[in-house]
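Position 1 is the first residue of the sequence; numbering continues from there.
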Amino acid sequence: MFTEEKKNSQIYQDSNHLKPDTEIVVSNLVKDFYKKKLPINLHGINSKKYIGYNVQAAKTLDLSYLNGVIEYLPEELYIKVLAGTPIKIIEDLLEKHNQQLAFEPLDFGYIKDGKSNKGSAAGCVATNYAGSRRFKVGSVRDFVLGFRGVNGKGDIIKSGGTVVKNVTGYDLSKVVSGSFGTLVALTELTLKVSPKKIFQNTIVIYLDDVKIISSLFHKILGSSNEISGATYIPDEPKSKKFDLNKSRVFKFNDLNDDGSFLAIRLEGDRVSVQERLKDISKELELKKYKTSILDNHQSVPFWTKVNNLELFTRTKNNLIRAVIPPSNSEKLMKFIGNKFKYFIDWSGSLFWIEVPDNEDDKIAQIREFIGNNEGYMTIIMKSENFDFKEKVFSTDKAKLMISKKIKESFDPKSLFNPGRMYREI
């Protein structure tokens with residue numbers, strides 16, 4: 001049955017905003033849309049609706065009412081949920097059993113509205129955006145053990161299982177992850193969970209030499225000391241085009257926020273963390289630099305703020321997410337200089353770059369540079385005067401051709417979120 005339409009079937013017949021609460025109803029709806037060739041704006045909680053192009057669709061299929069935990073077995077390290085289940089509900093439940101989603105779901109609520117909104121499980125998988133631990137443990141797609149959903153014909157499909165060793169359909173889960181709702185209407189997800197680390201410390205290194213920073217990132221990637229976070233937060237450009245909020249966001253007793261710094265996270269039991277702090281100090285030759293330590297009570301909220309993207313809270317500018325090989329991060333740091341507000345995560349691979357409104361030419365320059373250095377980028381937030389001639393998602397002809405073929409396989413009439421990622425699809 002439907003939710004809002006239960007009382008009066010005529011409302012369902014006339015409504016363009018449909019809220020099914022079972023997989024069977026989703027299937028029946030899509031079958032009907034398939035016959036009529038009606039495009040669908042597919043979403044859940046809609047926390048990331050501003051990412052990508054606007055979808056021109058006759059109907060909206062809102063899956064937020066597919067909500068709830070189906071099965072959670074802490075000892076088996078997995079949780080099975082309906083696709084519209086909020087990430088917060090999942091994390092709160094895992095917290096009670098000292099477990100977590102190790103990929104650290106990003107919270108895009110702050111950049112849009114200045115408050116938390118992590119969205120739904122399906123939204124997390126559909127965007128495949130992971131937090132600071134990504135370079136250590138993998139991305140969202142690496143934690144999807146299985147899924148159920150409805151393809152563009154209305155057929156119910158499933159992939160994977162509930163056991164970690166069961167990799168049936170593993171590649172299918174990878175294809176669906178990051179597809180932004182253009183391939184499948186997800187109805188159910190099985191996610192691998194991990195034991196939560198009971199203690200953490202963060203080493204803060206105060207420096208702004210891009211060559212040294214790049215070298216430290218390289219050493220961190222090769223370290224055997226189980227570093228689970230490495231981010232560089234430079235000083236902000238002295239420009240009225242940006243909200244200079246770095247000192248407000250990162251206000252901690254043991255953090256000197258006057259200048260640029262690199263932060264390194266260690267997690268585990270207290271004894272292990274203390275031993276690794278000593279090893280890393282020698283490994284990275286930290287005696288050369290000014291440093292400080294954020295204890296557990298400061299470290300936890302510090303990384304929460306990083307993963308909330310709070311540096312860009314309520315930004316009115318363009319916000320770019322760029323991924324580049326760590327070996328090229330020094331080049332990109334030099335290219336950016338002090339012209340933009342940005343920070344680096346994933347030990348040199350992930351750049352978040354804020355570009356002022358009415359400066360789309362700068363976006364084009366950044367895109368060209370990143371493309372020439374083996375990277376790709378996505379325009380996460382678009383400013384009021386954004387020129388839609390600029391591509392939101394980077395791609396090339398070969399990748400676009402592959403994407404078209406995959407789209408045709410899952411959604412032959414291009415019903416789901418047409419044009420959301422690429423105008424051609």
**OP:** Could you tell me whether the side chains of N201 and S299 share a donor-acceptor contact shorter than 3.5 Å?
**Re:** no
Original post:
Using the ring of each side chain (for Trp, its six-membered ring), is F252 parallel, tilted or perpendicular to F250, with breaks at 30° and 60°?
Top reply: tilted
Subject >> Taking every non-hydrogen atom, the tightest pair across L18 and F33 >> reply: CD1-CZ, 3.5 Å
Original post:
Should we say atom NZ of K339 is surrounded by more than 12 heavy atoms from elsewhere, each under 6.0 Å from it?
Top reply: yes
**OP:** Take Y232 and F261 through the test ring-ring contact (aromatic ring centres under 6.0 Å, His included) and record every step on the way to the result.
**Re:** CA-CA 6 Å; Y232 173 63; F261 62 84; 7.9 Å; no
**OP:** With E104 as reference, evaluate K136, R265, R134 under the salt bridge (charged side-chain N to carboxylate O under 4.0 Å, His left out) test and give the passing residue.
**Re:** R265
Original post:
Is it true that E267 and R133 have a side-chain N and a carboxylate O under 4.0 angstrom from each other?
Top reply: yes
**OP:** Could you walk me through whether F410 and I157 pass the side-chain contact (heavy atoms from CB on, under 4.5 Å) test, one step at a time?
**Re:** CA-CA 10 Å; F410 280 90; I157 62 174; 4.2 Å; yes
Subject >> Test item: side-chain donor near acceptor, S132 and N307, under 3.5 Å >> reply: yes
Original post:
Hey, is the main chain of K115 close enough, under 3.5 Å, to the side chain of D113 for a donor-acceptor pair?
Top reply: no
Under 3.5 Å donor-acceptor pairs involving side-chain atoms of residues 278-291, not counting sequence neighbours:
unit_1, atom_1, unit_2, atom_2, d
E283, OE1, S223, OG, 2.9
E283, OE1, N225, ND2, 3.0
E283, OE2, S223, OG, 3.3

Original post:
Under 3.5 Å, is there a donor-acceptor pair between the Q298 and D254 side chains?
Top reply: yes
Subject >> Heavy-atom donor-acceptor pair, Y34 side chain to G152 backbone, under 3.5 Å >> reply: no
Subject >> Side-chain heavy-atom pair K49, H43 within 4.5 angstrom cut-off >> reply: no
Original post:
What closest approach, in Å, do P326 and S347 show between heavy atoms, and which atom pair accounts for it?
Top reply: CB-O, 4.3 Å
Original post:
Between N308 and S116, is there a donor-acceptor pair closer than 3.5 Å when you use the side chain of the first and the backbone of the second?
Top reply: no
Original post:
Should the ring pair Y129 and F108 be called parallel, tilted or perpendicular, given that the plane angle runs from 0 to 90° and is split at 30 and 60?
Top reply: tilted
Original post:
Would you call E408-K404 a salt bridge at under 4.0 Å N-O?
Top reply: no
Original post:
Rounded to the nearest 0.5 Å, how far apart are CD1 of I293 and CD1 of I203?
Top reply: 5.0 Å
Original post:
Does the side chain of L77 reach to within under 4.5 Å of the side chain of P195, using non-hydrogen atoms?
Top reply: yes
Subject >> Candidate pair K88 and D107, rule salt bridge (charged side-chain N to carboxylate O under 4.0 Å, His left out), full reasoning >> reply: CA-CA 10 Å; K88 186 179 187 307; D107 193 333; over 6 Å; no
**OP:** Please confirm whether F393 and F180 have ring centers closer than 6.0 angstrom.
**Re:** yes
**OP:** Only one of I320, N317, D361 passes side chain to side chain contact (heavy atoms under 4.5 Å, CB included) with V355; say which it is.
**Re:** I320
Original post:
Is the shortest side-chain N to carboxylate O distance from D357 to K382 below 4.0 Å?
Top reply: no
Original post:
Are T313 and I111 side-chain neighbours, meaning at least one heavy-atom pair lies under 4.5 Å?
Top reply: no
Subject >> Side chains of T202 and W303, donor plus acceptor under 3.5 Å >> reply: yes
Using residues 95-102 as the side-chain source, report each donor-acceptor pair under 3.5 Å to any protein atom, sequence neighbours left out, with the distance given to one decimal.
unit_1, atom_1, unit_2, atom_2, d
E95, OE1, K196, NZ, 2.5
E95, OE2, K196, NZ, 3.3
Q99, OE1, Y72, OH, 2.5
Q99, NE2, P74, O, 2.9

Subject >> Nearest heavy-atom neighbours spanning A322 and I370 >> reply: CB-CD1, 3.4 Å
Subject >> Side-chain donor or acceptor of N373 paired with backbone N/O of F369 under 3.5 Å >> reply: yes
Original post:
Quick one: does P20's side chain get under 4.5 Å of L29's, heavy atoms only?
Top reply: yes
Original post:
So, K407 side chain and I425 main chain: donor-acceptor pair closer than 3.5 Å or not?
Top reply: no
Subject >> Under 3.5 Å: donor-acceptor pair, side chain of S215, backbone of K211 >> reply: no
**OP:** Taking only Lys NZ, Arg NE, NH1 and NH2, and the carboxylate oxygens of Asp or Glu, determine whether E23 and R148 approach each other closer than 4.0 Å.
**Re:** yes
**OP:** Show your working on side-chain hydrogen bond (donor to acceptor under 3.5 Å, both in side chains) between D235 and S260 and close with a plain yes or no.
**Re:** CA-CA 5 Å; D235 203 10; S260 306; 5.7 Å; no
Original post:
Short question: side chain of T85, backbone of A121 - any donor-acceptor pair under 3.5 Å?
Top reply: no
Original post:
Heavy atoms, side chains only, cut-off 4.5 Å: are I45 and P86 in contact?
Top reply: yes
Subject >> Heavy-atom pair of closest approach, residues F135 and A230 >> reply: CE2-N, 3.8 Å
**OP:** For L207 and L262, run side-chain contact (heavy atoms from CB on, under 4.5 Å): C-alpha distance rounded to whole Å, both residues' side-chain angles, the deciding distance at 0.1 Å, then the answer.
**Re:** CA-CA 7 Å; L207 74 171; L262 189 153; 4.2 Å; yes
Original post:
About how many Å separate CH2 of W352 and CG of L350, when rounded to the nearest 0.5 Å?
Top reply: 6.0 Å
**OP:** Using modelled atom types only, decide if a donor and an acceptor are shared between the side chain of N16 and the backbone of K59 within a distance under 3.5 Å.
**Re:** no
Original post:
Closest heavy-atom contact between G119 and S47?
Top reply: CA-OG, 3.2 Å
**OP:** Report yes if the side chains of I366 and M377 come closer than 4.5 Å at any heavy-atom pair, otherwise no.
**Re:** yes
Subject >> I402 side, atom CD1; K405 side, atom NZ - distance, nearest 0.5 Å >> reply: 8.0 Å
Original post:
Can K341 and N245 be counted as having a side-chain donor-acceptor contact under 3.5 angstrom?
Top reply: yes
Original post:
Is there a donor-acceptor pair closer than 3.5 Å between any side-chain N or O of E424 and the backbone N or O of L400?
Top reply: no
Original post:
Cut-off 3.5 Å, side chains only: do T395 and Y376 have a donor facing an acceptor?
Top reply: no
**OP:** Could you please spell out the steps behind the salt bridge (charged side-chain N to carboxylate O under 4.0 Å, His left out) verdict for K241 and E354?
**Re:** CA-CA 10 Å; K241 295 178 180 179; E354 185 177 347; over 6 Å; no
Original post:
Any side-chain heavy atom of W346 within less than 4.5 Å of one from L221?
Top reply: no
Original post:
Looking at CG of N358 and CG of D360, how far apart are the two atoms once the value is rounded to the nearest 0.5 Å?
Top reply: 7.5 Å
Original post:
Going by atom types alone, do N318 and S383 pair a side-chain donor with an acceptor below 3.5 Å?
Top reply: yes
Subject >> Inter-residue atom distance F335.CZ - E330.CD, 0.5 Å rounding >> reply: 15.0 Å
**OP:** Give a yes or no answer on whether the side chain of R270 reaches the backbone of Q200 with a donor-acceptor pair at less than 3.5 Å.
**Re:** no
Subject >> Shortest non-hydrogen contact between A185 and V26, atoms and distance >> reply: CB-CG1, 4.2 Å
Subject >> Side-chain heavy-atom pair E188, F147 within 4.5 angstrom cut-off >> reply: no
Original post:
From K334 NZ over to S214 OG, what is the distance, rounded to the nearest 0.5 angstrom?
Top reply: 8.5 Å
